Amino acid sequence: MFVYLKSHIESKAPVEMIYQSSNGTITHRIITIYEISDKYIKAYCHLRKKFRIFRRDNILSIYPYKQIRKYIS
């Protein structure tokens with residue numbers, strides 16, 4: 001997972017994440033990663049529109065962002 005996350009720092013491509021907070025709440029987030037340490041990820045959270053720090057061991061799943069596009073006919 002570390003290599004995958006690190007590649008997204010360089011590209012600034014957003015990723016989707018399923019995250020469990022310390023109180024047990026599970027949320028779906030779209031984030032842009034800026035820093036990674038052994039225990040934490042510093043990222044811009046598009047849901048909260050703020051920079052946040054996420055615990056790496058609370059990440060349940062992380063995958064490429066699939067933007068839904070609307071087409072006008």
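A quick note: this is a predicted structure, and the numbers were derived from the prediction, not measured.
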Using only atom types and a distance under 3.5 Å, with no angle test, would you say the side chain of Y19 pairs donor to acceptor with the backbone of R55?
yes

If you look at every heavy atom in F54 and C45, which pair is closest and at what distance?
CZ-CB, 4.2 Å

Got a sec, which hydrophobics cluster with Y40, joining ILVMFWY side chains under 4.5 Å apart, including via others?
I53

Under 3.5 Å, sequence neighbours excluded: what are the donor-acceptor pairs made by side chains of residues 25-36?
from: T25; atom 1: OG1; to: N23; atom 2: OD1; distance (Å): 2.9
from: T27; atom 1: OG1; to: R29; atom 2: NE; distance (Å): 3.1
from: H28; atom 1: NE2; to: E16; atom 2: OE1; distance (Å): 2.6
from: T32; atom 1: OG1; to: H46; atom 2: NE2; distance (Å): 2.8

How about NZ on K12, more than 12 heavy atoms from neighbouring residues, nucleotides or ligands closer than 6.0 Å, or not?
yes

What I'd like to find out is whether the side chain of Y44 reaches to under 4.5 Å of the side chain of K49, using heavy atoms alone.
yes

Return the CG to CG distance between D57 and D38, rounded to the nearest 0.5 Å.
11.5 Å

